[in-house]
Each structure stands twice: as structure tokens, then as C-alpha cells.
Amino acid sequence: MRLFSLLCILLITSCSIPKKNNDSEKTPQKEETTTKTPMEEEINTPVKNIENELIVVLKNPKNVKDAKALITNSGLSWDKLLFDQKDLKIAQITVPEDKVDFWLKRLNESGVFQSVEKNQMGTFNTIKENFENRLISIRKTPCFGDCPVYEVTISKDGKVTYNGINFVNEKGVKEFQLSDKELKKLNEKLSKKDFSEFAEEYNNPRITDLPSTYITHGGKQIHIRLWKDIPDELADVHEYIEGILLDKKYFD
């Protein structure tokens, strides 16, 4: 009887001892995650191909509609205006990848754009910086005869960039530097009257066979075809710059 009691106690004791659970003792493993370093992310991020994107600067900032029509009617894509001010419009367009050089030449010769360049790193910033450093520019268009056709830009530090186009003695781009005396005199003439006080246009569209002169300064572009009614201060600025170019014998 005593033996039977002892066996019962042992049986009860063994049942009360908890069994080891191997699964519960296992430390749960965290799911492995791979975190890319900034350098790895940069390497694996696709780089946008911009070889077939062009940056165009409108020759006449008021004619965005015509410029856009030229692009779309040519089967090209007018993407967006990158810079939009009264006296400067810069746009981004897309051309077929196998026709980039063709359209570079074609659009530069169209007469609608001041410049057409590939959209490379720094292109837009360079154009914008040159614009911000511009003091004054003059552009002459053709007439039915042999009127000189050229463009000239003078920067704030006196650098002159001339581009002779037609009926001039010197064709192509020429650069030179104004003397300190010349630059000072030009600034004095420009300060005689605020350009905002001039009209935007001196013209009579009923009169044909007259070339256009576009003068841009201080954020304003002025279109001139009739010279008899323009203010003396504006005529004086034009004559001074034209006189410098005549002295260089760029045209007669």
C-alpha cells in the first residue's frame, strides 16, 4: 500500500512538470532587408536621356504663339516654357533622336529663334546668366532692299557680341570690348530717360518695305519701323551704338 501511494505521488509530480517547447525557445529571426546607400541609389536610378531635347530662345518674345506653331506644325514637341519674361522666352522642345543635328540647323536658320542648343548640363543656366548680364541689345531685320541685317548685344561690363547676317561687311560673330569711356558714355545715354516711358512700338503697318529695329533694355523690347516720331533719347542711344559698329566697318 505504501508502495502504491509512492507511485501515485511520482506520477502526479511528473505530470505537473512543463514540457520544453523547442519551437518557443527559438528566437524569431528578423526578415532581412537590404538598404541601398545613396551612392547605390544614384547608380541604379535611370538617367533621363536628353540628347533629343533642345533649348530654344525666341527671337521675338512677343511671338510665343507663332514659335509654338512652327514647332508643332513641324511634327516636333513643344514641351514647356523654361523662362517667361517680357523680354526673354526660353522653351524646351523635343525632336526625333535620329534628327537632332538636322533640326538644330533647320531651327537656327528659321529666323524665329535667337539660339537653338542641345539641352546639356548648364545650357539653360548659361543662357539665363548671359541674359541677366545684358545691358542692351539691338536687332535689325531685312527689308526689300540691301538694308544691313545684324544683331548686337552689349553686356554690363562692356563686352560686345556682334552677329552679321546679311548685307554687312562682316558676317558671323565678332566680339570686342568697349573702352571704359565708351561704356560710361553709353550708360549716361541710357539713364537720360527710363525705357519704361517709351512706347513699345513706333510703327505704321500700312507702310511697307521698312526694316524693323528691336531695341531691348531694362526688361523692355521696343519695336521701331518709323524713326521720325521716336524720342530723341532713344534715337541717341541707337545712333551711338550704330556709330561704334560703323567705326569697326562691320557695315556701311
Chemist: For P61 and Q221, which heavy atoms make the closest approach, and how far apart are they?
Modeler: CD-OE1, 3.4 Å
Chemist: Please identify which of these residues, L70, V57, N108, meets the side chain to side chain contact (heavy atoms under 4.5 Å, CB included) condition with F113.
Modeler: L70
Chemist: Please determine, by modelled atom types, if N52 and T94 share a side-chain donor-acceptor pair under 3.5 angstrom.
Modeler: no
Chemist: If you round to the nearest 0.5 Å, how far is OH of Y214 from OG of S137?
Modeler: 12.5 Å
Chemist: Distance check, rounded to the nearest 0.5 Å: D157 atom CG versus Q177 atom CD?
Modeler: 5.5 Å
Chemist: Taking it one step at a time, do E175 and K159 satisfy salt bridge (charged side-chain N to carboxylate O under 4.0 Å, His left out)?
Modeler: CA-CA 7 Å; E175 294 183 344; K159 179 182 176 181; 3.8 Å; yes
Chemist: Taking only residues at least two apart or on different chains, which pairs with a member in residues 243-252 satisfy side chain to side chain donor-acceptor pair (under 3.5 Å)?
Modeler: N169-D252
Chemist: Output yes when a side-chain donor or acceptor of S110 lies under 3.5 Å from a complementary backbone atom of V112, and no otherwise.
Modeler: yes
Chemist: According to a hydrophobic-cluster definition based on side-chain heavy atoms being under 4.5 Å apart (Ile, Leu, Val, Met, Phe, Trp, Tyr only), do I244 and L135 belong together?
Modeler: yes
Chemist: Considering non-hydrogen atoms only, spot the tightest contact between I230 and I224 and give its length.
Modeler: CG2-CG2, 3.9 Å
Chemist: Compare all side-chain heavy atoms of V100 with those of L54 and state whether any distance is below 4.5 angstrom.
Modeler: yes
Chemist: Answer whether the closest heavy-atom distance between the side chains of L76 and P96 falls below 4.5 Å.
Modeler: yes
Chemist: For Y240 and L186: C-alpha separation, side-chain torsions, deciding distance, then whether side chain to side chain contact (heavy atoms under 4.5 Å, CB included) applies.
Modeler: CA-CA 8 Å; Y240 182 69; L186 175 57; 3.9 Å; yes
Chemist: Among N60, N163, T153, V149, which one satisfies side chain to side chain contact (heavy atoms under 4.5 Å, CB included) with R139?
Modeler: N60
Chemist: Run the salt-bridge test on K193 and D232 with the 4.0 Å N-O cut-off and return the result as yes or no.
Modeler: no
Chemist: Would K62 and E200 satisfy salt bridge (charged side-chain N to carboxylate O under 4.0 Å, His left out), going step by step from the backbone distance to the final call?
Modeler: CA-CA 11 Å; K62 295 180 181 179; E200 290 190 351; 3.3 Å; yes
Chemist: Looking at D79 and S77, what are the two nearest heavy atoms and their distance?
Modeler: OD1-OG, 2.8 Å
Chemist: Mind listing the closest non-hydrogen atom pair of F167 and G145 along with its distance?
Modeler: CE1-O, 3.5 Å
Chemist: In Å, rounded to the nearest 0.5 Å, how long is the span from CZ of R134 to OG1 of T216?
Modeler: 5.0 Å
Chemist: Any salt bridge linking K118 with E53? Criterion: basic side-chain nitrogen under 4.0 Å from a carboxylate oxygen.
Modeler: no
Chemist: From I55 CD1 over to T126 OG1, what is the distance, rounded to the nearest 0.5 angstrom?
Modeler: 11.0 Å
Chemist: To the nearest 0.5 angstrom, please state how far the CG atom of L82 sits from the NZ atom of K128.
Modeler: 11.5 Å
Chemist: For D84 and K89, run side chain to side chain contact (heavy atoms under 4.5 Å, CB included): C-alpha distance rounded to whole Å, both residues' side-chain angles, the deciding distance at 0.1 Å, then the answer.
Modeler: CA-CA 5 Å; D84 186 1; K89 309 284 187 186; 2.2 Å; yes
Chemist: Shortest non-hydrogen contact from G219 to D87?
Modeler: CA-OD2, 3.0 Å
Chemist: Determine whether more than 12 heavy atoms belonging to other residues, nucleotides or ligands lie under 6.0 Å from atom CG of D180.
Modeler: no
Chemist: Should V160 and V152 be marked as a side chain to side chain contact (heavy atoms under 4.5 Å, CB included) after you check the CA-CA gap, both sets of side-chain angles, and the distance that decides it?
Modeler: CA-CA 7 Å; V160 182; V152 61; 3.6 Å; yes
Chemist: Membership question, hydrophobic clusters at under 4.5 Å side-chain separation (ILVMFWY): are I215 and Y202 in the same one?
Modeler: yes
Chemist: Quick one: do E132 and K156 satisfy salt bridge (charged side-chain N to carboxylate O under 4.0 Å, His left out)? Show the steps, please.
Modeler: CA-CA 9 Å; E132 291 171 346; K156 293 175 182 177; over 6 Å; no
Chemist: For the hydrophobic clusters of this structure (ILVMFWY residues joined by side-chain heavy atoms under 4.5 Å, transitively), does one cluster hold both I127 and L81?
Modeler: no
Chemist: Quick test of your reading of the model: are K189 and E233 salt-bridged, counting only N-O distances below 4.0 Å?
Modeler: no
Chemist: How many angstroms lie between atom NZ of K68 and atom CD1 of I93, to the nearest 0.5 angstrom?
Modeler: 12.5 Å
Chemist: Is the backbone N or O of C147 less than 3.5 Å from a side-chain atom of K140, with the two atoms forming a donor-acceptor pair by type?
Modeler: no
Chemist: Would F131 and F83 count as a close aromatic pair, with their ring centres under 6.0 Å?
Modeler: yes
Chemist: Do the non-hydrogen side-chain atoms of E170 and Y150 ever get within less than 4.5 Å of each other?
Modeler: no
Chemist: Assess the residue pair L190 and F195 against the criterion (side chain to side chain contact (heavy atoms under 4.5 Å, CB included)); give the C-alpha distance rounded to whole Å, side-chain angles, the decisive distance to 0.1 Å, and a yes or no.
Modeler: CA-CA 8 Å; L190 288 169; F195 260 55; 3.9 Å; yes
Chemist: Identify whether the distance between the nearest side-chain nitrogen and carboxylate oxygen of D236 and K192 falls below 4.0 Å.
Modeler: yes
Chemist: Determine whether L246 and I165 fall in the same hydrophobic cluster, where Ile, Leu, Val, Met, Phe, Trp and Tyr are linked whenever their side-chain heavy atoms lie under 4.5 Å apart.
Modeler: no
Chemist: According to a hydrophobic-cluster definition based on side-chain heavy atoms being under 4.5 Å apart (Ile, Leu, Val, Met, Phe, Trp, Tyr only), do L88 and I222 belong together?
Modeler: no
Chemist: Do you know which two heavy atoms are closest between T123 and N119, and how far apart they sit?
Modeler: OG1-C, 4.2 Å
Chemist: Considering only heavy atoms from C-beta outward, does the side chain of W227 approach that of D229 to under 4.5 Å?
Modeler: no
Chemist: Show your reasoning for whether side chain to side chain donor-acceptor pair (under 3.5 Å) applies to H238 and T213.
Modeler: CA-CA 10 Å; H238 174 267; T213 298; 4.7 Å; no
